[in-house]
Structures are given as C-alpha cells and as structure tokens.
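Values below: every heavy atom of this structure, side chains too, minus hydrogens, waters and symmetry copies. First the proteins, then the strands, lettered A, B, ... as listed; each starts at 1.
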Amino acid sequence: MSSPSKAAPARKPRAGRPPSAPLAATVTPAQAHLASVRGPLLDWYDRNKRDLPWRRTRDSYAIWLSEVMLQQTQVSTVIPYWERFLARFPTARALASAPLDDVLAGWKGLGYYSRARNLHRAAQEVVARFGGTLPSTAAELLELPGFGRYTAGAVASIAFGEEAPLVDGNVARVFSRIFEVEGLPGDRQREATLWALATALVKGERPGDFNQALMEHGATTCRPENPLCLLCPVRGACVAFRKGRVDELPPAKVRATPKKLTLAVAVWPHAGTLLFARRADAGLFGGLWELPAAEIADDAPDSEARARLSAALGVDVTLEGALGTVKRQLTHRDLSLRLLRVSGPRRPASTPAFQELRWCAPDDAEKLGMSTAMQRALDIALGAGVLPGG
DNA sequence: CACGCGTGGAC
DNA sequence: TGTCCAAGCGT
C-alpha cells in the first residue's frame, strides 16, 4: 500500500516569475524550477493515480515483477499477466526453483522473452546470494540479470524507499518538455541531462511515489500525442508549453524498416501428436518451443522449403501439402510462417538444428512456452484437421 | 553506440 | 490497414 500523502502541496510560482523571496538568497533559478515541479507532481499523483494492482503491495518481489513486465509493455497488457504469474510463482524462491520451461510458459504471449530468462536467473541469484530477498539498493540491484539503470532505480525507490533516480520513455518526454531538453533519443548529452534532472528531483519525501508520479504523468497527461496540457499540474513551469513547443519535444526516434523473415514450418502429425522443437536460447523467440521451423527465401518454392526442413530435422521429409501462411509484424521483423504438412520415414529424437525435439498432443502443447506467431500457426494447423478428432 | 528483441492498443 | 509506439536490457 502506498503511504498516504503527508507532504503539504508546494505552491508553484507562476510562469515566468523569479523564485519567491524565501528561496531567492540560496537557490538558483534552476533549482527553483526543479522545486516548482516536485511538489505539484507528487500532489497531483496522490489525487489522480490509477489503482494498479502492484500499487497495492509492498512485496519487493511483486514490485520487481511488475517493473520487468512493464518494460516496453503497456499497463493494460501487463495486469492479467502479473496476476497470473504471481499466483503461479508467488515468491522469488518459488520462481528460482521452477523449471525455465514453466517460467517461459507463464510469459507466453507477453513478448521480449529474454526478460523471463533474466528474471529466472536473477531469482536464482537472489536465493543463492541474498537468502531469497532482493537487495535494497539500486547499486546492488544493478548487478542482477535484467536490471538496468531504470529497473534498479524503480525497484530501489518504489520497494525500498531509496532516493534512486529513474528515466524511462515517459520521464524523458516529461523532462524534455518541462525543461526543454534537446537532442534525439540515445544522444549522450541528452541522456546525461535527463539523468541529472531525475537525480536532483528524486531527492526528498517519498522518492518511489515521486518517480511513479513522473511516469504516471507522462503516461496519462504528458502523452506523446495530444497531451492534456490544460489539465497539467506543472503547466506553469513547462518551458515547452510557454514556447509552444510541446508537439515538437521530444523528437521522434527514427525507426529502421523491419526486415523480412520467412520461415518454413513443419506440421508433422503422428499418433495424435505433433512434432515440436525448442529454439536456441539466444535470438528471436529464444528458448521457446515451436513447430520445427527453418528460414527460407521469401520467394522460395515449396521444394526448397522441404529441403530446408529436411536438413534441419536430419530426416528426409515428404511434403504432404500446404496449410497456409501466418503473417506477423514485429517491431523489427516482418515475419511470415509458411505452414507445410510433412511426413517422414522415421521420427527424429534429436537433430543438430534444435536443442530438443518433443512429440506433443495439443493439450501438452498448451503448457509450452511459445510465441504468439507460433501459437497462431498451431491453431491453424489444428483447425485444418491435421490430427484426428482435432 | 547501434542493433536485436514481441506484442497489442491507439488513432 | 498502416503506423507508431510503451514503465529497457544485453551485447
């Protein structure tokens, strides 16, 4: 439970006015600008924060889990995952002792699966080195897998009350506008300025709530498009608002065009099961299960797809028919899965191309960690009736 | 430092 | 339908 507000809401000076008299002697205009932001934002947060499930707990593990899931992922997507995952792995110790396959299955559909692998490894380290409880400082947290500067600051401040700064996409946008920070995302000078601002501002009462106030403000009011400046608690301090530059700060990041990736996917039924393979740990969908897949040229004929799958499986498979194509847009990949029903002279148990092969009935496949793209491919294959009674 | 890494929501 | 993008991290 978040601590109730005890802070008297600070009065913000009106836009363009010098700092008030009691501060003027020892406080620079820059410091006064900072002070005019902290109090109003914290006060606004107390009145307007959303009732999110991880704001109802003080369990550092639960808060940690929320921060990892929220990386590059929207709140509404995370909520059901967080609740299910926490019910299944209620403590760091429970998570640490679970098989990685179970952890990846719990992450199924959430994306960026290395987060789950790092979370699992970090839980094991926490058990081995810290008796199952997270260390309480950002500096220590930063040593654990999956903790970068942001997540270390978030967990240290929110779960442990450390005056640890954080900068995420929201905070970068909020600061860029209020303090007119120039530069493209990734620019070294820009990042340094943002972190310096975060470091200065977090000092004071309730650092965790203040950090959340910054992010909440960015997510709901100081939005990328159509920001709600008329409802903004720090409008009077916002340089971009005063100068009419809200829409141009921060500059949008330049995105690379997604590369095309086409995979031939083997749908190989046998005795009520299909053949599954586990992908390599690194790279796209690392460590997840799939219907065995091999990269092909986008315009490759089925004969070439058959050859690629035969090589990957170490068995000369026969093409029994095409079942369609699954197309998915990833951030940096334009993914096509060409589903090919195959059969073979024998059933492979292991191959060089895959870490592990397994024949699974549909019910067992439910429990495997799998990407959404592959889940869709599986649904299509089953819908096409490749298994009797399926 | 640039790139690889997923997904679903918003418009 | 297309496009952008959201509470980043690892290499």
Categorize A:Arg255 for me: base, sugar-phosphate, or nothing, with a 4.0 angstrom heavy-atom threshold over every strand shown. base
Hey, are the side chains of A:Leu337 and A:Arg328 touching, using non-hydrogen atoms and a 4.5 Å cut-off?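 The answer is no, as the side chains (C-beta and beyond) never meet within the 4.5 Å cut-off.
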Between [N] atom [atom2] and [X] atom [atom1], what is the distance in whole Å?
X	N	atom1	atom2	answer
A:Arg190	B:dC1	CZ	C1'	15 Å
A:Leu144	C:dG10	CG	C1'	15 Å
A:Asp334	C:dT1	CG	C1'	14 Å
A:Lys253	B:dC1	NZ	P	15 Å
A:Arg121	C:dG10	CZ	P	8 Å
A:Leu142	C:dG8	CG	C1'	12 Å
A:Arg173	C:dG8	CZ	C1'	15 Å
A:Met69	C:dC9	CE	C1'	16 Å

When every non-hydrogen atom of A:Trp64 is compared with those of A:Ala122, the smallest separation belongs to CZ2-CB, 3.6 Å
List the atom of A:Leu95, the atom of A:His120, and the distance in Å for their closest heavy-atom pair. O-CD2, 3.2 Å
So, with a heavy-atom separation below 4.0 Å from DNA chain B, the residues of residues 87-97 of chain A are none
Salt bridge or not for A:Glu216 and A:Arg55, using N-O below 4.0 Å? yes
Does A:Asp209 pair with A:Lys49 as a salt bridge, N-O distance under 4.0 Å?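 No, this pair does not count.
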Could you check whether A:Phe179 and A:Phe175 have their ring centres less than 6.0 Å apart?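 Under 6.0 Å, so yes.
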Per-nucleotide protein contact string for nucleotides 3-11 of chain B, where B marks a base within reach and S marks sugar-phosphate only (heavy atoms under 4.0 Å, - for neither): -SBBBBS--
Residue pairs involving residues 190-232 of chain A (criterion ring pair (Phe, Tyr, Trp, His ring centres under 6.0 Å); sequence neighbours excluded):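 Matches after skipping sequence neighbours: A:Trp44-A:His217.
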Could you check A:Arg177, A:Arg245, A:Arg190 and say which one makes a salt bridge (charged side-chain N to carboxylate O under 4.0 Å, His left out) with A:Glu182?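 Only match with A:Glu182 under salt bridge (charged side-chain N to carboxylate O under 4.0 Å, His left out): A:Arg245.
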Nearest-angstrom distance, P atom, B:dG6 to C:dT11: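 My reading of the P atoms in B:dG6 and C:dT11 gives 14 Å.
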Side-chain hydrophobic cluster, 4.5 Å single linkage: members besides A:Phe241: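 Answer for A:Phe241: A:Val246.
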Contacts table for residues 259-275 of chain A: side-chain donor-acceptor under 3.5 angstrom, sequence neighbours left out:
from	atom 1	to	atom 2	distance (Å)
A:Thr262	OG1	A:Asp298	OD1	3.0
A:His270	NE2	A:Arg347	NE	3.3
A:Thr273	OG1	A:His270	O	2.6

Canonical and wobble pairing (Watson-Crick, G-U, under 3.5 Å) of DNA chain B, dot-bracket with |: .||||.|||||
